[in-house]
Amino acid sequence: MPRPWKRLAGTSGPDKKGLSGKRTKTENSNELSALVENSNAQTTSDSKNHGQNLSNYWLMKTEPESRLEKGVDVKFSIEDLKAEPEQTACWDGVRNYQARNFLRAMKLEDEAFFYHSNCKEPGIAGLVKIVKEAYPDHTQFEKNSPHYDPSSKKDNPKWFMVDVQLVRKLKRFISLAELKTYHQAHKTSDGPLKNMALFTRQRLSIQSLTQEEFDFILHLEEKEAN
DNA sequence: GCCAACGTTGGC
DNA sequence: GCCAACGTTGGC
């Protein structure tokens with residue numbers, strides 16, 4: 001899959017409109033995954049939201065260090081997001097169906113962890129929220145974009161993006177190494193991170209989290225780093 | 001529709 | 001920079 005990064009919001013004026021997410025407190029992520037996972041559905045199956053207002057939780061990977069792809073720097077760190085107008089950016093460049101389907105399942109105000117990948121210190125740097133639901137990713141039509149997709153047609157776009165806004169940086173950086181320690185421990189203790197997608201769906205750039213996973217990770221910022 | 005070859009992701 | 005994991009492609 002393509003990279004997760006995104007790039008500026010400038011090109012796409014974020015707007016807001018709204019709705020709320022859903023999520024039942026049971027296995028959400030699993031059921032959500034089941035709904036969303038492999039379908040290539042094109043139409044925006046308008047949200048399967050039974051009128052609940054439960055939120056979904058996500059993890060979105062981005063590369064905080066410079067790397068050129070087709071001559072274009074794909075770097076996008078939490079500091080880059082912070083520097084954007086309204087601290088908002090569009091999340092372009094996702095070129096994997098499963099990740100795309102998650103993007104399309106995101107609802108306004110859903111929260112996501114902002115994850116730094118492919119870098120010196122991988123891990124969760126901050127919290128963002130969805131401020132614009134899925135709409136076509138314009139970079140798929142741009143020949144000079146590293147994410148140009150000649151097979152995608154304007155009247156039937158393949159790839160989508162959302163806009164995210166910084167909520168805040170976490171009080172401390174939560175490294176992949178730390179999360180992995182918990183993941184390993186939880187596999188035997190039946191703890192909240194035992195099935196975390198970061199470890200079980202290694203290469204997925206957009207992942208969904210259960211409420212338990214989200215809450216557990218968020219509470220880690222209050223503790224000392226291991 | 002199988003599956004080998006190939007390309008990408010991303011930690012280390 | 002290496003390379004394991006795993007998604008995608010395309011021949012058959």
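- One interatomic measurement links the two molecules: CZ of Phe199(A) to C1' of dG11(B), which rounds to 11 Å at whole-angstrom precision.
- Distance, Arg100(A) CZ to dG7(C) C1': 15 Å, rounded to whole Å.
- Remark: Phe216(A) engages Tyr182(A), His186(A), His219(A) in a ring-ring contact (aromatic ring centres under 6.0 Å, His included) (not counting sequence neighbours).
- Between Glu121(A) atom CD and dG10(B) atom P there is a gap of 17 Å when expressed in whole angstrom units.
- Taking CG of Leu103(A) as the start and CZ of Phe160(A) as the end, the distance is 10.0 Å to the nearest 0.5 Å.
- Contact annotation for Tyr115(A): backbone-only contact, meaning every heavy-atom pair under 4.0 Å involves sugar-phosphate atoms and none involves a base.
- Across the protein-nucleic acid pair, Leu198(A) atom CG and dG11(B) atom C1' stand 11 Å apart, rounded to whole Å.
- For Phe113(A) and Trp58(A), the distance between ring centers is not under 6.0 angstrom.
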Enumerate all atom pairs, one protein N or O and one N or O from nucleotides 1-5 of chain B, separated by less than 3.5 Å.
none

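- When the side-chain nitrogen and oxygen atoms of Asn96(A) are compared with OP1 and OP2 of dT8(C), one or more of them lie within a distance under 4.0 Å.
- The distance from atom NZ of Lys169(A) to atom CG of Leu127(A), rounded to the nearest 0.5 Å, is 13.0 Å.
- Between Trp91(A) and Phe114(A), a ring centre-to-centre spacing shorter than 6.0 Å is recorded.
- Rounding to whole angstrom units, CD of residue Glu69(A) and P of dG7(B) are separated by 15 Å.
- Residues forming a ring-ring contact (aromatic ring centres under 6.0 Å, His included) with Tyr148(A) (at least two apart in sequence, or on another chain): none.
- Nearest to the side chain of Leu176(A), among dG10(B), dC12(B), dT8(C), sits dC12(B).
- Atom CD1 in Ile130(A) sits 13.0 Å away from atom NZ in Lys132(A) (nearest 0.5 Å).
- Regarding Asn118(A), its CG atom lies at a distance of 11 Å from the C1' atom of dC12(B), rounded to whole Å.
- Across the protein-nucleic acid pair, Lys180(A) atom NZ and dG10(B) atom C1' stand 11 Å apart, rounded to whole Å.
- Per the geometry, CD belonging to Glu178(A) stands 18 Å off C1' belonging to dC12(B), to the nearest Å.
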